[in-house]
Amino acid sequence: MNTLTAGAKAPHFTLQDQHGNSVSLADSLKQGPVLVYFYPKASTPGCTVQASGLRDSKAELDSHNVTVFGISPDPVAKLAKFAEKQALNFTLLSDEDHSVADAFGVWGEKKFMGKTYDGIHRLSFLINTDGTIAHVFDKFKTKDHHEVVLAQIAG
């Protein structure tokens with residue numbers, strides 16, 4: 001796993017959102033910075049806590065003109081159920097073949113309960129409007145992810 005670092009160019013991507021619409025990073029960067037956060041699986045406890053924190057912080061993120069994209073390998077239909085059940089107010093993107101996760105360097109070997117498997121590592125990237133990575137969030141708990149992001153954005 002070769003995770004991108006601050007200062008690197010973010011890989012361009014276009015993925016389907018929870019409504020089946022194509023969403024591109026390049027188009028979104030025209031509106032302001034983008035927070036791309038990778039999470040392993042929709043509707044699991046940790047991912048729900050992390051998404052809820054971002055949902056509840058939307059007004060503050062909006063005040064800094066930050067667009068939020070949550071990316072997981074889940075299919076569009078599962079993302080739609082997750083977004084509806086949790087009343088999420090930001091975009092979830094489906095990366096079923098994990099090509100975007102690979103490009104950001106967040107797909108790799110994981111260990112859980114004695115088993116080794118490949119999956120998404122929970123990392124987030126704040127991307128400047130010029131497409132460079134401003135900050136990589138790699139040290140946080142799911143319950144305080146939104147606070148760590150807001151502290152960084154507020155400077």
Should Phe125 and Phe137 be marked as a ring pair (Phe, Tyr, Trp, His ring centres under 6.0 Å) after you check the CA-CA gap, both sets of side-chain angles, and the distance that decides it?
-> CA-CA 6 Å; Phe125 301 83; Phe137 302 93; 8.8 Å; no

Within the structure provided, determine whether [X] and [Y] are in side-chain contact (heavy-atom separation under 4.5 Å).
| X | Y | result |
| --- | --- | --- |
| Tyr37 | Leu54 | yes |
| Phe140 | Arg122 | yes |
| Asp118 | Trp107 | yes |
| Phe13 | Phe104 | yes |
| Pro33 | Thr129 | yes |
| Val23 | Ser28 | yes |
| Lys110 | Thr116 | no |
| Leu79 | Asp17 | no |

Donor-acceptor under 3.5 Å ([X] side chain, [Y] main chain):
| X | Y | value |
| --- | --- | --- |
| Thr132 | Ala8 | no |
| Gln18 | Ala83 | no |
| Ser63 | Glu60 | yes |
| Arg55 | Gln86 | yes |
| Asn65 | Gln31 | yes |
| Asn128 | Asp130 | no |
| Lys41 | Pro73 | no |

With Ser24, which residues qualify under side-chain contact (heavy atoms from CB on, under 4.5 Å), at least two apart?
-> Thr14, Ala26, Asp27

For the [atom1] atom of [X] and the [atom2] atom of [Y], what is their distance to the nearest 0.5 Å?
| X | Y | atom1 | atom2 | result |
| --- | --- | --- | --- | --- |
| Leu93 | Phe69 | CG | CZ | 5.5 Å |
| Leu15 | Ser22 | CG | OG | 8.5 Å |
| Thr91 | Asn21 | OG1 | CG | 9.0 Å |
| Leu88 | Ser52 | CG | OG | 6.5 Å |

Specify the closest pair of heavy atoms between [X] and [Y], including all atoms of both residues, with the distance to one decimal.
| X | Y | result |
| --- | --- | --- |
| Leu4 | Pro11 | CD1-CD, 3.4 Å |
| Leu25 | Ala10 | CD2-CB, 4.1 Å |
| Gly70 | Tyr39 | C-CE2, 3.5 Å |
| Ile120 | Pro40 | O-CG, 3.9 Å |
| Ile133 | Thr5 | CB-O, 3.8 Å |

If two hydrophobic side chains count as joined below 4.5 Å and joins carry through other members, does Val36 share a cluster with Val100?
-> yes

Verify same cluster id: Leu123, Leu126 (apolar side-chain graph, 4.5 Å) | no

Taking it one step at a time, do Phe90 and Leu35 satisfy side chain to side chain contact (heavy atoms under 4.5 Å, CB included)?
-> CA-CA 11 Å; Phe90 57 87; Leu35 174 70; over 6 Å; no

Give a yes or no on whether His64 atom NE2 has more than 12 heavy-atom contacts from other residues, nucleotides or ligands under 6.0 Å away.
-> yes

Identify every side-chain donor-acceptor pair in residues 143-155 under 3.5 Å, counting partners at least two apart or on other chains, and give the distances.
residue	atom	partner	partner atom	Å
Asp144	OD1	Lys141	N	2.9
His145	ND1	Gln50	NE2	3.3
His145	NE2	Ser124	OG	2.7

Could you go through the side chain to side chain contact (heavy atoms under 4.5 Å, CB included) check for Val66 and Val34 one step at a time?
-> CA-CA 5 Å; Val66 174; Val34 175; over 6 Å; no

